[in-house]
Amino acid sequence: MLRTHTCGELNINHLGQSVTLCGWVQKSRDLGGTTFIDVRDRFGLTQLVLNVDTDADLREKARSLGREFVIKVSGKVLERTSKNPKIPTGDIEIGVEELEILNAAKIPPFLIEDETDGGEELRAKYRYLDLRRNPIRQNLMLRHRMGQEVRKYLDAKGFMEVETPVLIKSTPEGARDFVVPSRMNPGEFYALPQSPQTFKQLLMVSGFDRYFQIVKCFRDEDLRADRQPEFTQIDCELSFVEQEDILNIFEGLTRHLFSVVKDINLDTFPRMQYADAMRLYGSDKPDLRFGMQFVELNDVVKGKNFAIFDNAELVVGINAKGCAGYTRKQVDELTDWLKRPQIGATGLVYCRYNTDGTLKSSVDKFYNEDELTNWAAAFEAEAGDLMLVLAGPADKVRKQLNELRLEIGGRLGLRDKDKFAPLWVVDFPLLEWDEENGRYHAMHHPFTSPKPEDIALLDTEPGNVRANAYDLVINGTEIGGGSIRIHEKTLQSLMFKHLGFSAEEAQKQFGFLLDAFEYGAPPHGGIAFGFDRLCSIFAGLDSIRDVIAFPKNNSGRDVMIDSPSTIALEQMKELSIATTI
Ligand code: ASP
């Protein structure tokens with residue numbers, strides 16, 4: 001080793017020892033005869049003191065140092081006169097006797113400090129410098145810790161880590177595939193896995209019993225703060241289990257992580273049926289850090305000649321507690337916000353429960369104070385509250401009200417990043433109507449089993465068939481999802497048929513799985529957690545980018561290595577491909 005210690009470990013117990021440290025120059029202060037330098041590495045920061053008056057050579061070298069130079073210093077551990085209680089090495093400094101510059105550095109394009117002056121784009125271009133900053137490095141340390149704990153927990157529960165291939169063929173998770181041309185098979189392409197779904201099921205057929213993998217998955221989707229084209233899953237599959245077993249084991253994993261990584265002991269996770277989540281929160285991933293459940297008002301408001309309510313399939317609202325003080329302007333702004341195309345509401349009705357006990361609504365023409373008292377009763381509103389009401393087609397209006405609920409929750413400070421509200425959402429529908437293509441598609445994926453008691457509905461009311469599928473939600477973010485699988489060829493073939501596959505298409509795309517089911521497939525089920533999302537929730541971040549060492553931007557680009565990029569014509573020829581650009 002070039003050093004005896006790291007920059008984060010020396011303290012008062014090391015006084016008088018001769019040590020050697022290596023690291024980066026964080027900053028240097030020249031105070032006449034004495035120069036102070038802070039040297040930094042992954043482990044911390046140590047103050048160096050150089051008596052440049054007495055040593056000309058040292059003086060020369062110290063003068064030439066700039067920010068981020070890589071240095072090696074030797075000297076004695078001394079007690080500081082003015083101590084810094086904020087850092088573990090704050091009681092000591094190193095009286096430098098020798099200084100060696102291991103490598104010079106250009107002035108970095110932004111400040112490498114906790115608060116930096118660098119914009120996002122610039123920091124992305126120099127990601128290796130951004131990674132030197134404490135907050136980002138700490139996120140990656142957290143991720144490392146979580147990965148280790150996941151392995152520990154699953155290993156102790158008898159899970160075996162198995163790698164599955166990256167060059168495969170299309171997996172049906174509902175996104176577009178990334179494809180890779182095959183040089184040796186001209187005109188043919190591999191697809192990168194959207195998840196190892198079929199492989200993990202095949203491992204169950206192989207008798208592996210409990211599988212897991214911390215694995216990269218690839219989906220060519222439009223990107224958002226919590227999506228990256230390549231992301232990491234904690235992917236798991238188990239044999240001879242029922243839904244209850246899976247929920248228990250993975251609730252256990254989540255609680256273990258919270259306990260060892262964040263020292264938080266969570267209570268048993270509540271469970272909610274999909275149908276209730278949609279009815280009460282307008283979302284299959286409700287944020288339960290706060291209440292504000294939906295209140296349906298059809299019985300209370302219809303039949304009073306207010307056409308908008310009378311004609312609506314659903315009139316539904318929320319009680320914004322303590323918001324009666326909202327001015328007309330604030331409510332108008334909220335209405336405009338709801339009317340933006342991203343949300344698409346047609347209007348917002350409000351009813352203020354003033355602190356003097358009077359009720360005032362935006363539809364006073366149709367509802368007198370007595371009637372508004374009934375509204376207040378339905379909302380369990382009190383003086384000082386503001387009732388916000390939307391009307392329209394049930395599914396749409398619930399989605400819009402979900403947005404409004406989250407917005408108001410945020411404004412009221414109810415979405416505290418240090419509070420954690422986990423939830424299992426269960427009994428998802430098996431199929432989802434696909435407007436665009438005019439057919440049903442699998443809500444989870446085609447290998448999910450219907451609830452046995454609902455199989456009979458497949459022909460008559462496919463939309464009402466429930467699946468043995470579940471999601472883990474934390475603070476309104478979907479952290480994981482899985483299902484009990486189909487393990488019989490007949491049921492799997494029936495499922496493909498309902499999804500619009502001909503027998504030939506099903507055989508061509510998934511014949512390997514259908515065939516495998518004929519060689520003794522055990523009942524099995526599984527789950528996958530979005531590891532990046534889990535880490536970002538633990539770190540209290542909005543974006544998963546900051547828990548990924550080298551993330552891509554919103555257009556799916558890595559601006560540091562400048563990828564994607566064109567390739568040489570020669571390479572294209574070799575791959576037998578041409579572009580139309
Ligand atoms: N493969 C599924 C997914 O990526 C998870 C699962 O069903 O285990 O969402």
Side-chain angles (χ1 to χ4, degrees), residues 150 154 159-166 168-178 191-205 208-221 226-239 241-243 245-251 253-254 274 284-285 424-432 441-451 466-474 477-487 492 495 499 509-510 513 521-534 544:
V150 167
L154 292 175
F159 285 79
M160 183 173 156
E161 188 164 12
V162 183
E163 287 174 83
T164 51
V166 171
I168 65 166
K169 75 177 185 183
S170 190
T171 43
E173 301 285 358
R176 279 191 206 89
D177 289 319
F178 283 102
L192 303 184
Q194 292 186 33
S195 86
Q197 184 61 37
T198 47
F199 287 98
K200 65 175 174 173
Q201 291 192 243
L202 292 172
L203 288 173
M204 294 303 105
V205 178
F208 279 46
D209 202 88
R210 289 187 171 194
Y211 141 96
F212 89 99
Q213 186 179 190
I214 299 185
V215 62
K216 274 287 172 75
C217 302
F218 306 85
R219 296 183 192 178
D220 188 0
E221 303 178 286
D226 62 353
R227 273 201 195 147
Q228 283 273 302
E230 51 176 307
F231 61 97
T232 305
Q233 283 189 344
I234 309 169
D235 191 43
C236 307
E237 197 75 9
L238 306 76
S239 290
V241 288
E242 291 173 332
Q243 173 167 313
D245 303 304
I246 299 185
L247 299 194
N248 287 333
I249 292 174
F250 289 92
E251 182 164 327
L253 170 63
T254 313
Y274 170 87
D284 60 0
K285 40 179 189 292
W424 286 110
V425 178
V426 297
D427 295 353
F428 274 79
L430 183 72
L431 303 168
E432 194 175 31
H441 67 225
M443 189 142 183
H444 190 45
H445 51 56
F447 315 111
T448 296
S449 71
K451 288 207 177 280
R466 289 165 309 157
N468 275 319
Y470 34 79
D471 272 1
L472 175 65
V473 175
I474 302 179
T477 298
E478 181 196 327
I479 290 298
S483 59
I484 297 295
R485 325 297 183 190
I486 298 168
H487 65 281
Q492 188 64 71
M495 187 67 193
L499 293 171
Q509 214 181 329
F510 301 114
L513 190 69
H524 60 284
I527 192 166
F529 278 25
F531 188 49
D532 313 278
R533 284 189 194 169
L534 189 63
I544 62 170

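Counting starts at 1 for both ligands and their atoms, in listed order.
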Salt bridge (Lys or Arg N to Asp or Glu O under 4.0 Å) between K216 and E230: does it pass, once the steps are laid out?
CA-CA 6 Å; K216 274 287 172 75; E230 51 176 307; 3.0 Å; yes
How far apart are the C-alpha atoms of Y470 and I527, what are their side-chain angles, what is the distance that settles it, and do they pass the side chain to side chain contact (heavy atoms under 4.5 Å, CB included) test?
CA-CA 8 Å; Y470 34 79; I527 192 166; 4.2 Å; yes
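For the pair R210/M160, no side-chain contact is recorded, criterion being any heavy-atom separation below 4.5 Å from C-beta on.
The environment of CD in E242 is sparse: at most 12 heavy-atom neighbours from other residues, nucleotides or ligands sit within 6.0 Å.
Closer than 4.0 angstrom to ligand 1 by heavy atom are E173, S195, Q197, K200, R219, Q233, H444, H445, G481, G482, R485, G526, I527, A528, sorted by chain and number.
Under the side-chain contact (heavy atoms from CB on, under 4.5 Å) criterion, L202 pairs with F512, L513, A516, not counting sequence neighbours.
Residues S195 and Q233 have side chains that never bring a donor and an acceptor to within less than 3.5 angstrom of each other.
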